[in-house]
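Single-structure report; data block below.
Throughout, protein chains are lettered first and strands after them, A, B, ... in sequence-line order, and every chain is numbered starting at 1.
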2 protein chains.
Amino acid sequence: MTTFNLWDTKARPAIVHDPSQEPISPQDLPWQNQIILGDCLTVMAQLPANCIDLIVTSPPYADARKHTYGGVDPDEYVEWFRPRAEQMHRILKPTGSFVLNIKEKAVGGERHTYVLDLIASLKKEVGFLWVEEYIWHKTTSMPGKWKYRFRDAWERLLHFSKSKEFKMNQSAVMVPIMDWTEKRLTNMSRNDLSRQPSGTNPKTGRRISAWLGRDKVYPSNVLHKPPICHNTGHSAAFPEWLPEFFIKLFTDEGDTVLDPFSGSGTTFRTARTLGRVGVGIEIRSEHVQR
Amino acid sequence: MTTFNLWDTKARPAIVHDPSQEPISPQDLPWQNQIILGDCLTVMAQLPANCIDLIVTSPPYADARKHTYGGVDPDEYVEWFRPRAEQMHRILKPTGSFVLNIKEKAVGGERHTYVLDLIASLKKEVGFLWVEEYIWHKTTSMPGKWKYRFRDAWERLLHFSKSKEFKMNQSAVMVPIMDWTEKRLTNMSRNDLSRQPSGTNPKTGRRISAWLGRDKVYPSNVLHKPPICHNTGHSAAFPEWLPEFFIKLFTDEGDTVLDPFSGSGTTFRTARTLGRVGVGIEIRSEHVQR
DNA sequence: GTTCCGCATGAATCGATAG
DNA sequence: ACTATCGATTCATGCGGAA
């Protein structure tokens with residue numbers, strides 16, 4: 001196993017296989033705890049079946065990064081994605097989950113339907129179960145003003161599974177109930193804080209003490225977090241909390257987490273930090289090279 | 001025009017037409033500022049083309065239980081909705097908008113795809129443009145704990161239009177910044193601060209006026225509001241802020257607002273209060289009768 | 001006139017049970 | 001086997017009654 005400083009973005013794991021070179025057999029590919037250089041379609045095809053517990057990924061959005069995958073046209077996105085999804089389905093364990101972070105693109109003033117078509121394809125053609133749609137509410141997204149739409153402040157986090165009985169550790173993602181960014185001030189802001197912002201209000205005190213009795217609460221399917229990420233050098237990087245949330249939720253320690261569109265490797269590093277086996281695949285060598 | 005106390009839920013406008021009776025011609029139907037008894041399919045068929053500026057509605061969600069409470073089976077939902085959507089498209093002005101509040105249902109451990117299928121149908125078969133998807137993040141959702149999912153805390157607010165050039169008054173829905181919360185809760189975004197008290201409470205109304213004069217910002221496409229409504233007697237009623245937001249955003253004073261699934265008439269009353277012409281259609285006579 | 005406290009109730013989901 | 005119905009679970013909120 002290659003060792004390296006997980007949080008030093010300069011020190012990346014070595015390239016273990018370049019698909020442009022001679023193919024190697026799966027048993028020869030030391031794919032665990034590695035970020036592998038190559039198109040995830042061909043790399044995943046070399047992995048054994050039922051070896052991955054969780055896939056968390058944010059694929060290139062349609063037409064978003066033209067210089068990498070040749071700029072996938074929105075109308076061709078589903079066809080482009082499907083063979084990769086078939087590999088994901090094959091290598092995922094029956095108890096595994098697949099979390100897909102994706103967003104529509106506005107084309108000609110309209111929201112394109114390729115994401116909806118993708119959900120239908122993953123369900124009907126690939127065989128995934130569409131379990132849930134989490135909403136990532138980006139609290140500090142980029143400002144902007146357009147004539148026919150407001151600031152886009154959310155993205156889809158689509159949860160698919162291979163079977164109805166998948167692994168889910170809900171207690172692992174319970175949040176402190178005093179986290180006011182999670183539990184907003186719906187009522188308190190109106191009734192309590194605005195009257196006596198000092199916090200000595202007996203009603204506020206009562207509420208806080210009631211909260212202290214139950215220190216943690218289950219989240220909902222709306223994840224309310226800022227889009228900040230640890231390494232700011234790359235554009236489309238995950239914020240760390242995102243893979244962390246789903247890794248804790250859908251895997252145990254020692255399980256294997258894959259990001260087929262690894263990018264700057266946030267999912268990979270988060271998995272390693274959390275004691276999971278990390279696997280990354282990235283086609284752009286500048287993200288993989290040491 | 002029938003006159004009545006808009007906020008007295010007991011005093012409803014008279015039934016102007018019972019579709020079970022002899023049909024009447026459109027010019028004989030005094031449909032403006034009325035809540036009309038009947039199936040919106042047949043009632044809308046009697047309205048002239050291009051007469052509505054905005055449709056804001058929350059149709060009955062799909063119900064897995066067949067034929068109870070008139071529930072529509074999820075597998076039949078798109079077929080049930082499409083002829084009604086065709087009428088909506090016909091009577092909507094070219095500059096008009098159609099806002100659809102709807103939510104999925106979990107069936108057999110999966111999210112049912114009827115809403116996604118509906119979007120595709122509205123776009124490809126009916127001819128609507130799918131402009132935007134607003135997220136209604138409900139601050140309070142139904143309780144419950146399940147093995148494979150968290151509580152569902154959001155609903156879709158789908159914005160369709162008839163043409164690319166639709167009416168949109170963004171400045172009409174700007175929200176004030178409350179700097180006292182910004183100081184206290186640095187993590188909260190501006191969008192979270194957009195929560196406005198319902199306005200029915202005179203105390204909070206005064207507080208809104210205190211905010212006036214401060215800086216205002218445009219909202220995002222995530223609306224973070226509680227699901228409560230003014231008249232608690234009826235179930236499944238819109239909260240008032242919802243039609244208010246879209247009526248201000250997509251119409252001017254004097255424009256015509258339709259809710260084909262009027263229910264307790266929240267959209268209708270809000271439209272009248274805001275100086276718009278209101279039109280409601282409701283199939284359950286107990287909601288329409290005086 | 002206020003504040004405090006109790007309690008009914010929601011666009012729900014799942015698994016068990018009954019027909 | 002398959003479908004329809006029922007009960008347990010869960011908790012923020014608003015309202016009314018009482019202090």
Side-chain angles (χ1 to χ4, degrees), chain A residues 129 131-133 164-166 168 170-171 174-175 177 180 182-192 195-196 200-211 213-214 216-222, chain B residues 57-75 77 100-112 114-115 136-157 195 197-204 224-242 261-264 266 284 287:
Chain A
L129 304 180
V131 177
E132 182 57 297
E133 180 170 341
K164 290 183 180 178
E165 287 82 33
F166 53 87
M168 188 175 195
Q170 296 191 357
S171 59
M174 294 183 83
V175 293
I177 200 160
W180 284 4
E182 288 291 332
K183 310 287 297 179
R184 268 135 252 109
L185 303 176
T186 39
N187 198 30
M188 297 182 64
S189 64
R190 300 207 298 256
N191 299 329
D192 302 304
R195 284 182 205 148
Q196 296 185 8
T200 56
N201 184 317
K203 185 172 183 179
T204 306
R206 181 174 68 85
R207 290 224 175 198
I208 290 175
S209 61
W211 284 355
R214 301 171 291 140
K216 286 176 184 288
V217 70
Y218 292 107
S220 76
N221 59 356
V222 177
Chain B
T57 195
S58 188
Y61 299 172
D63 194 336
R65 295 167 298 182
K66 289 183 179 178
H67 306 307
T68 57
Y69 307 114
V72 180
D73 188 280
D75 294 330
Y77 198 86
L100 179 64
N101 171 219
I102 200 162
K103 198 181 84 165
E104 276 94 6
K105 182 178 177 56
V107 176
E110 271 193 282
R111 229 168 215 258
H112 200 281
Y114 78 92
V115 174
W136 174 15
H137 180 186
K138 293 185 287 187
T139 54
T140 65
S141 51
M142 284 290 293
K145 181 186 183 301
W146 306 281
K147 189 177 178 183
Y148 291 119
R149 64 187 64 245
F150 291 124
R151 291 194 297 161
D152 197 0
W154 64 279
E155 299 191 14
R156 302 180 197 274
L157 291 164
R195 279 177 288 98
S198 65
T200 57
N201 185 331
K203 190 175 293 181
T204 55
H224 184 178
K225 305 267 186 171
I228 57 169
C229 59
H230 183 259
N231 44 342
T232 54
H234 298 282
S235 63
F238 262 177
E240 291 149 14
W241 64 263
L242 200 154
F261 305 96
S262 188
S264 56
T266 305
R284 295 163 294 183
H287 286 274

For K147(B), is there any backbone N or O sitting under 3.5 Å from a side-chain donor or acceptor partner on Q170(A)? yes

Is a side-chain N or O of Y114(B) found less than 3.5 angstrom from the main chain of A62(B), in a donor-acceptor match? yes

Could you check how far [atom1] of [X] sits from [atom2] of [N], rounded to whole Å?
| X | N | atom1 | atom2 | answer |
| --- | --- | --- | --- | --- |
| E155(B) | dA11(C) | CD | P | 9 Å |
| Y61(B) | dG10(C) | OH | C1' | 13 Å |
| E132(A) | dA12(C) | CD | C1' | 12 Å |
| D152(B) | dA11(C) | CG | P | 13 Å |
| Y218(A) | dT9(D) | OH | P | 14 Å |
| K147(B) | dA16(C) | NZ | P | 10 Å |
| K138(B) | dA11(C) | NZ | P | 7 Å |
| M174(A) | dT10(D) | CE | C1' | 12 Å |

Hydrogens and angles aside, do Y61(B) and N101(B) bring a side-chain donor and acceptor to less than 3.5 Å of each other? yes

Counting heavy atoms from C-beta on, name the nucleotide in dT13(C), dT13(D), dT10(D) closest to the side chain of W146(B). dT13(C)

Would you measure the distance from the P atom in dT9(D) across to the matching atom in dA11(C) and give it in whole Å? 22 Å

Does dA11(C) pair with anything, Watson-Crick or G-U wobble, both distances under 3.5 Å, and if so, with which nucleotide? none

Quick check on dC14(C): is either OP1 or OP2 less than 4.0 Å from any side-chain nitrogen or oxygen of R149(B)? yes

Heavy-atom count around K145(B) NZ within 6.0 Å, excluding the residue itself: above 12? yes

Taking atom types as they are modelled, would you say the side chain of S141(B) forms a donor-acceptor pair with the base of dA12(C) within the 3.5 Å cutoff? no

